[in-house]
Structure formats: C-alpha cells, structure tokens
Engineer: 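Please read through the structure below; I'll follow up with questions.
This is a predicted model, so every value here is computed, not measured.
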Amino acid sequence: MVTLSRRSVLVGAGATAAASLFSGRVTADAQPIDESGFVPIGGIEQWVGIQEQDERNPIILFLHGGPAEAQSPFLKEFVPWARDFSVINWDQRGSGKTYGKNGPATPDMTVERMAEDAVEVAEYALTRLTKSKLILVGHSWGSVLGLFVVQRRPDLFYAFVGTGQPVNWALTIEDRERWARKQATAEGDAQAIKMLDDTAALPVSDMKRVMASSKWRMSPSDKQYLTIQRNFIGSAPFPTKGDVADWLAGGDFTGPKLWPTIVSFDARKQFPKIPIPFFVIEGRDDHMVSFEAAREYVEQVRAPMKAFIPIDGGHFACFTDPDEFIGALLTYITPLIAPSP
C-alpha cells in the first residue's frame with residue numbers, strides 16, 4: 001500500500017494548540033492524524049483521507065452519496081464527528097479526486113466492484129489505525145452501497161448506519177409526488193399539479209416524471225447545506241482543470257453508469273437480512289427518499305440489532321443536525337464497541 005501524504009501528524013500535549021483541520025477533544029497523550037492521498041484500491045489509485053483526534057476513538061468509514069458527491073472538498077463538515085470518532089473519507093471510483101486521477105478510462109463502474117473497493121478501503125484503514133473493526137456509515141447512494149459492502153465482509157464492521165436511506169426507487173418517487181401534490185395544492189400551483197398529472201403514467205425512471213415532483217424535494221435545511229457545494233463549484237464558466245472540474249466531471253461520468261442500479265434497487269428484496277447491527281438515522285423532513293419506506297424497511301429487515309432513529313432535518317440531516325446524529329451514534333453504536341486500551 002502507498003502511504004498517504006501527511007498534512008499534519010501532531011504528538012503530545014501540544015497537539016491541542018496545533019492548526020489541525022479537526023480541532024475537537026484531544027487527550028494529552030493522543031497522536032492526532034490528518035492525512036490524505038492516493039492508495040491502490042481495486043486496481044486503480046483512489047483518494048482516501050484520514051482524520052483522527054485520538055487513537056482510542058472508534059473509526060467511521062463514510063460512504064458518500066450522489067453517486068459521485070465526493071466529500072474530499074468538504075471535510076470541514078466532519079469536524080463535529082471527529083470529537084468522538086476517527087473519520088475515513090473516500091472518493092469512490094469515478095468520483096472527485098479519484099476520478100481526477102483516473103479520468104474517463106476508469107474501469108469496472110459497477111456497484112459490485114465499488115463494494116469490493118469499500119472492503120479494501122476498510123482493510124487499509126484498520127491496518128493504518130491498528131484496529132480490528134470499524135463503523136460503516138453510508139449517506140444516500142452510500143447507504144445503498146453500504147448494504148452490498150456488509151454482506152461481503154461483515155467481520156470488518158461493528159455496525160452499519162444508513163442515513164438518507166433509499167429503499168426502492170418507485171417508493172421514493174411516489175413519496176415525492178404525494179409531498180409535491182400536497183405542497184402544490186397548498187400554494188395553488190396549478191402548473192405543478194398539471195405536470196404531476198401529465199407524468200403520472202410514465203415509468204418511475206422517466207426523467208420527465210422524476211422532475212415533475214422535484215420542486216419540493218429539498219427541505220429548508222437541505223437547501224442551506226447545499227450552499228457549500230454551490231460555493232465550491234462557483235458559477236459558469238466552470239474550470240476545465242482542478243478539483244472543481246474533476247468533481248463535476250465525475251458526476252457526469254458516474255451517474256449514467258450507476259443509474260440502472262439505482263432505479264432497480266430494492267432493499268426489501270435484495271437485503272431482507274443484514275448480518276450485523278443495522279441502524280437508520282433519518283431526517284424527518286427527508287423527501288429526496290421516502291422516510292416512511294425507510295422506517296418500514298427497518299421494521300421488516302432481520303438483523304442482530306436494529307433501530308430507526310428520526311432526527312431533525314432533511315436528506316442531509318447527518319450534516320445539518322450533527323449533534324443529534326452523533327448523539328444517536330453514541331447511544332446506539334458505541335455500546336457495541338469494546339474500549340481501546
């Protein structure tokens with residue numbers, strides 16, 4: 001494995017005063033890590049970032065959404081997480097810096113290959129941080145990917161946590177349409193109601209039908225959160241080289257390749273049983289996916305331990321309401337973890 005480039009490795013009591021990106025609670029004998037770089041994963045070079053405040057903290061491997069909404073430009077969003085967890089971020093195959101490294105020649109753009117990639121990233125992180133297991137957290141598309149991952153190597157994970165959890169594309173679109181019709185009726189938006197009526201007979205994968213209900217899919221907190229993406233991207237004309245160009249091109253490249261997986265996915269049929277503890281922490285105002293479908297899936301799925309935990313916010317509640325999200329992790333997940341010496 002290639003060693004990640006070290007931005008800052010801080011040792012001893014002086015670490016608390018150092019200018020590390022993650023500046024939460026650090027004990028006097030901790031050895032914080034803040035590093036990133038490319039690691040050989042699945043036959044290509046892929047970007048991995050590690051932020052650790054205290055080596056005694058449990059590890060989270062975060063699977064970003066999208067697909068291709070790489071988190072490498074937005075590591076500050078994980079600052080609240082780093083008080084209690086070591087955080088591993090990974091720009092998935094076809095996303096962000098990983099796409100920038102490999103470009104449109106990136107091979108094997110399948111969920112199966114990406115699940116194997118995630119296993120390799122987990123193994124790398126556990127070796128790097130000298131741990132036996134970690135917590136897998138998936139957001140949106142990442143929570144779909146995560147279900148494939150834990151079936152492959154349940155021995156690597158204490159638990160799997162989904163947030164913004166899709167269950168089935170048809171259920172997502174039907175939930176959006178009900179919500180959009182309710183909002184359009186309340187606002188007297190006859191044009192929106194007509195669009196919903198005109199597209200109701202189309203397949204749920206048809207973009208005309210998808211877009212008909214998109215006006216109200218974002219909660220106010222989602223809109224506020226997405227300003228960080230807009231600020232990163234900037235305005236047209238967009239750059240043709242660099243991190244912004246790679247982030248945008250990765251989305252254009254990856255989306256069409258994974259679209260068939262997204263619209264055919266059905267967690268109820270594909271994953272009726274999960275071999276490790278499973279928790280869904282879901283924003284109450286999530287209308288990008290179906291909140292109710294996620295709740296019902298947790299009720300139905302078989303797992304050694306499970307819980308559905310609603311918190312304030314929408315699809316991006318793990319970032320917009322970090323106190324509740326981390327509080328849920330501490331309540332439900334950390335009791336499953338043996339303390340590090």
Side-chain angles (χ1 to χ4, degrees), residues 64-69 74 77 139-144 162-236 238 247-248 251-252 255-256 258-268 280-297 308 310-321 324-325:
H64 65 69
E69 287 193 358
F74 313 117
E77 299 307 308
H139 173 247
S140 193
W141 155 257
S143 62
V144 173
T163 184
Q165 177 76 57
V167 174
N168 169 271
W169 183 252
L171 295 178
T172 288
I173 295 304
E174 290 163 5
D175 182 278
R176 287 185 192 176
E177 289 172 340
R178 284 191 294 270
W179 177 250
R181 188 175 294 277
K182 180 179 179 180
Q183 301 309 304
T185 300
E187 295 180 17
D189 191 334
Q191 183 178 359
I193 293 172
K194 183 178 186 302
M195 189 178 299
L196 290 167
D197 290 339
D198 291 347
T199 59
L202 295 175
V204 292
S205 59
D206 190 296
M207 289 309 296
K208 289 182 180 178
R209 183 170 177 182
V210 172
M211 295 308 296
S213 60
S214 65
K215 181 176 179 180
W216 289 279
R217 65 179 178 168
M218 287 191 291
S219 72
S221 63
D222 289 335
K223 293 178 182 178
Q224 183 177 6
Y225 169 77
L226 289 173
T227 59
I228 69 166
Q229 289 185 3
R230 289 193 292 270
N231 291 339
F232 167 70
I233 294 168
S235 55
F238 301 115
W247 199 88
L248 292 171
D252 293 339
L258 294 177
W259 179 243
T261 298
I262 292 168
V263 297
S264 64
F265 176 75
D266 192 327
R268 301 164 301 177
V280 171
I281 307 174
E282 195 78 2
R284 294 183 180 89
D285 296 321
D286 191 346
H287 297 287
M288 289 195 187
V289 299
S290 173
F291 176 93
E292 193 60 26
R295 184 187 63 78
E296 290 177 357
Y297 175 57
F308 181 79
I311 64 173
D312 289 341
H315 193 62
F316 297 93
C318 63
F319 299 127
T320 61
D321 191 11
E324 268 201 286
F325 185 81

Engineer: Sequence neighbours left out, what passes side-chain contact (heavy atoms from CB on, under 4.5 Å) with Q183? Give chain and number order.
Structural biologist: W179, W216
Engineer: Check T320 against S221 and note the closest heavy-atom contact, atom names and distance.
Structural biologist: CG2-O, 3.6 Å
Engineer: Are D175 and F291 close enough that some pair of their side-chain heavy atoms sits under 4.5 Å apart?
Structural biologist: no
Engineer: Distance from S214 atom OG to M288 atom CE, nearest 0.5 Å?
Structural biologist: 10.0 Å
Engineer: When rounded to the nearest 0.5 angstrom, what is the spacing between OG1 in T227 and OH in Y225?
Structural biologist: 9.5 Å
Engineer: In Å and rounded to the nearest 0.5 Å, what is the CG to CD1 distance from D285 to I311?
Structural biologist: 11.0 Å
Engineer: Listed by chain and number, what are the side chain to side chain donor-acceptor pair (under 3.5 Å) partners of T163, not counting sequence neighbours?
Structural biologist: none
Engineer: How would you list, by chain and number, every residue that makes a salt bridge (Lys or Arg N to Asp or Glu O under 4.0 Å) with R284, sequence neighbours excluded?
Structural biologist: D312
Engineer: Could you grab the distance from atom CG of L258 to atom CZ of F265, nearest 0.5 Å is fine?
Structural biologist: 13.0 Å
Engineer: Tell me every residue that passes side-chain contact (heavy atoms from CB on, under 4.5 Å) with V210, counting only those two or more places apart in sequence or in another chain.
Structural biologist: W169, I173, R176, M207
Engineer: Residues two or more places apart in sequence or in another chain: which of them pass salt bridge (Lys or Arg N to Asp or Glu O under 4.0 Å) with K194?
Structural biologist: D198
Engineer: Heavy atoms only: give me the nearest E282-G164 pair and the separation to one decimal.
Structural biologist: OE1-N, 3.1 Å
Engineer: Run the side chain to side chain donor-acceptor pair (under 3.5 Å) test against W141 and tell me which residues pass, sequence neighbours left out.
Structural biologist: Q92
Engineer: Take S290 and E174, measure what side chain to side chain contact (heavy atoms under 4.5 Å, CB included) needs, and give me the verdict at the end.
Structural biologist: CA-CA 8 Å; S290 173; E174 290 163 5; over 6 Å; no
Engineer: Identify, with sequence neighbours excluded, every residue that meets side-chain contact (heavy atoms from CB on, under 4.5 Å) alongside P203.
Structural biologist: S205, D206
Engineer: Quick one: closest heavy-atom pair of I193 and A184, and the distance?
Structural biologist: CG1-CB, 3.7 Å
Engineer: Closest heavy-atom contact between V167 and A293?
Structural biologist: CG2-O, 3.6 Å
Engineer: List in chain and number order the residues that pass side-chain contact (heavy atoms from CB on, under 4.5 Å) with P166, two or more places apart in sequence or in another chain; answer none if no residue qualifies.
Structural biologist: S143, V144, V289
Engineer: Using the side chain to side chain contact (heavy atoms under 4.5 Å, CB included) rule, take F316 and L226 through it: C-alpha gap first, then chi angles, then the decisive distance, then the call.
Structural biologist: CA-CA 9 Å; F316 297 93; L226 289 173; 3.8 Å; yes
Engineer: Are side-chain heavy atoms of E296 and L171 found at a separation under 4.5 Å?
Structural biologist: no
Engineer: Please report the closest heavy-atom contact between F308 and P310, naming both atoms and the distance.
Structural biologist: O-CD, 3.6 Å
Engineer: Can you tell me which residue pairs pass the salt bridge (charged side-chain N to carboxylate O under 4.0 Å, His left out) test with a partner in residues 177-187, sequence neighbours excluded?
Structural biologist: E177-R209, R181-D197
Engineer: Between CG of D286 and CE of M218, what distance do you get to the nearest 0.5 Å?
Structural biologist: 12.0 Å
Engineer: Could you tell me whether a side-chain N or O of D321 sits under 3.5 Å from a main-chain N or O of A317, the two making a donor and an acceptor?
Structural biologist: no
Engineer: Over all heavy atoms of both residues, which pair between G251 and P256 is shortest? Give the atoms and the distance, please.
Structural biologist: O-CD, 4.2 Å
Engineer: Could you pull out all residues at least two apart from H139 that satisfy side chain to side chain donor-acceptor pair (under 3.5 Å)?
Structural biologist: none
Engineer: Listed by chain and number, what are the side chain to side chain donor-acceptor pair (under 3.5 Å) partners of K215, not counting sequence neighbours?
Structural biologist: D189
Engineer: Restricting to pairs with a member in residues 216-235, which pass salt bridge (charged side-chain N to carboxylate O under 4.0 Å, His left out), not counting sequence neighbours?
Structural biologist: none
Engineer: Distance check, rounded to the nearest 0.5 Å: T199 atom OG1 versus M211 atom CE?
Structural biologist: 11.0 Å
